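Here is the structure we will look at.
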Protein chains: 2
Amino acid sequence: MLSKKTQYAFHALTYLAENVEKGPVLISEISQERKISLKFLENILLELKKAGVLGSKKGKGGGYYLIKPPEEVKLAKVIRMLDGPIALLPCVSLNYYERCENCDEAVCGLNRVMAEVRDNTLKVLENKTLADVLRNKE
Amino acid sequence: MLSKKTQYAFHALTYLAENVEKGPVLISEISQERKISLKFLENILLELKKAGVLGSKKGKGGGYYLIKPPEEVKLAKVIRMLDGPIALLPCVSLNYYERCENCDEAVCGLNRVMAEVRDNTLKVLENKTLADVLRNKE
DNA sequence: GCAAAAGTCTACTAAAATGGTAGGGAATAT
DNA sequence: ATATTCCCTACCATTTTAGTAGACTTTTGC
């Protein structure tokens, strides 16, 4: 399961994508519209900014905004930024690989099945973007 | 990621499947062969027994054994037993569904994408069994 | 029937992750 | 200058994770 943090991040990102024309959007607005704790959301948006997904502006008329068009924000990237690995086993993770301590990977069947699961999952998450999430709305 | 518990469960189950001819296998043997803490493994095997996957025998010559042929033990079932939901969002889980509190599911695009991820994941996990994990070894 | 061999059960624990909250600081617009 | 808004550090309670301890029960085989 995705953590609340990542779930909230997705809700916030889609809200921003749906309101690009507004320019910078207040944290408090997102917080109210999507029913997310304000202070928790602050942390999340800041993290997304540091990761290069969002930009921000301070002072009156400020807020957060998408720094890239929604078509360029892959879902897999967002998940990895906040939750870490997408694979079910460390020894099968592309971005957070760790050697397996319980078996020899060369002859481990579990390894191969879980790599298949990973590939099937990534087939979706690496190709779908924020824009796809929006398009599905209609 | 799968918890250590579930990872260990898979290692133990495949060990048992590879050694069906032995009859009951000692916890301590599995623990040593697969380098899993003995006491932790005890809990895990007991849980698998209560869930109907394993049988056991006490006293000399006792141990744990698979209660069904490896072809009938779906990977998805093992994961759900020990780790719970496989889906990435509660509002998209087949076995542990919970309503989403942040949006209206009927118009939520995230929902649909995550359902697609779930289906792609389950395509593997619902069809592969312990036996498939073994067959991949050759 | 007794001892050894095994699994069973209850309870405990330390460490980490999760899901927040508090409050002041820094930058910006007017 | 001041109000607005994001930025930052620190803290906190609860739950989950990964394990450990130790006594208890069942079974086997002599």
Side-chain angles (χ1 to χ4, degrees), chain A residues 1-12 16 22-32 34-51 53-67 79 81-85 88-90 96 98 101-102, chain B residues 1-12 16 22-32 34-51 53-67 79 81-85 88-90 96 98 101-102:
Chain A
M1 292 271 256
L2 298 179
S3 65
K4 284 283 180 188
K5 195 174 186 176
T6 302
Q7 294 182 38
Y8 291 159
F10 276 124
H11 285 296
L16 287 175
K22 280 193 183 175
V25 177
L26 295 182
I27 307 179
S28 56
E29 179 179 337
I30 305 174
S31 156
Q32 279 169 28
R34 291 295 158 98
K35 293 174 200 145
I36 303 170
S37 143
L38 177 65
K39 293 301 271 178
F40 195 24
L41 186 57
E42 274 187 17
N43 298 336
I44 296 169
L45 295 181
L46 197 52
E47 220 171 317
L48 289 171
K49 183 194 173 178
K50 286 178 181 163
V53 176
L54 295 181
S56 68
K57 216 185 144 196
K58 287 180 180 177
K60 187 161 194 177
Y64 277 100
Y65 50 89
L66 287 170
I67 217 165
I79 295 180
M81 274 171 13
L82 300 175
D83 265 8
L88 293 181
L89 296 179
Y96 300 82
E98 279 176 54
E101 285 157 8
N102 302 99
Chain B
M1 292 270 260
L2 299 178
S3 65
K4 284 282 180 189
K5 194 173 183 177
T6 302
Q7 294 181 40
Y8 291 159
F10 276 124
H11 285 297
L16 287 174
K22 280 194 183 174
V25 177
L26 294 183
I27 307 181
S28 56
E29 179 180 336
I30 305 175
S31 157
Q32 279 169 28
R34 292 293 159 97
K35 294 174 200 145
I36 302 169
S37 144
L38 176 65
K39 293 301 271 179
F40 195 23
L41 186 57
E42 275 186 16
N43 298 335
I44 297 169
L45 295 181
L46 196 52
E47 220 171 319
L48 289 172
K49 182 192 174 182
K50 286 178 180 163
V53 176
L54 294 180
S56 67
K57 216 186 145 196
K58 287 181 177 176
K60 186 161 194 179
Y64 277 101
Y65 50 89
L66 287 170
I67 217 164
I79 295 179
M81 273 170 14
L82 300 174
D83 266 6
L88 294 181
L89 296 179
Y96 300 83
E98 280 175 51
E101 285 157 7
N102 302 99

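Given the structure is predicted, the values throughout are model-derived calculations rather than measurements. Reckoned from all heavy atoms, side chains included, excluding hydrogens, waters and symmetry mates.
Contact check for A:L66 versus A:L54: side-chain heavy atoms found under the 4.5 Å cut-off. A:F10 has its side chain within reach of A:L2: a pair of non-hydrogen atoms, C-beta onward, lies under 4.5 Å apart. Put simply, the side chain of B:I30 does not reach to within 4.5 Å of the side chain of B:I27, judged on heavy atoms. Side chains of B:L41 and B:R34 form no contact here, defined as non-hydrogen atoms less than 4.5 Å apart.
Rounded to whole angstrom, the span from the CD1 atom of A:I30 across to the P atom of D:dT5 amounts to 13 Å. Whole-Å rounding puts the A:L38 CG to C:dA22 P distance at 11 Å. Between the C1' atom of C:dA17 and the CE atom of B:M1 lies a distance of 14 Å, rounded to the nearest Å. Note: CG (A:L26) to C1' (C:dT28) measures 14 Å, nearest angstrom. Rounded to whole angstrom, the span from the NZ atom of A:K57 across to the P atom of C:dA27 amounts to 16 Å. Summarising the geometry, the separation between CD on B:E29 and C1' on C:dG7 is reported as 15 Å, rounded to the nearest angstrom. Taking atom OH of residue A:Y65 and atom C1' of nucleotide D:dT5, one finds them 13 Å apart after rounding to whole Å. As rounded to whole Å, 19 Å separates atom P of C:dC12 from atom CZ of B:F40.
Donor-acceptor pairing under 3.5 Å, judged by distance alone, is present between the side chain of B:K39 and the base of D:dG22.
Closest to the side chain of B:K58, out of D:dT26, C:dT21, D:dG22, is D:dT26. When distances are taken from the side chain of A:K60 to each of D:dT25, C:dA5, D:dT5, the shortest belongs to D:dT5. Here D:dG19 is the nucleotide among D:dG22, D:dG19, D:dT5 with the atom lying nearest to any side-chain atom of B:S37. Comparing C:dG20, D:dG19, C:dA26 against the side chain of A:N43 picks out C:dG20 as the nearest.
Checked by atom type and distance alone, the side chain of B:S56 never pairs as donor or acceptor with a backbone atom of B:G63 at under 3.5 Å.
Residue A:S56 places none of its side-chain N or O atoms closer than 4.0 Å to OP1 or OP2 of D:dT5. Using a 4.0 Å cut-off, some side-chain N or O of B:K50 falls inside it from OP1 or OP2 of C:dC9.
Contacts between residues 2-12 of chain B and DNA chain D, counted as heavy-atom distances below 4.0 Å, involve B:S3, B:K4, B:K5, B:Y8.
Among the heavy atoms of the strands, none lies under 4.0 Å from A:L45.
The existence of a salt bridge linking A:K50 and A:E47 is excluded, since no basic side-chain nitrogen approaches an acidic carboxylate oxygen closer than 4.0 Å.
Contact between A:G62 and A:L26 at its shortest, heavy atoms only, is O-CD2, 3.6 Å.
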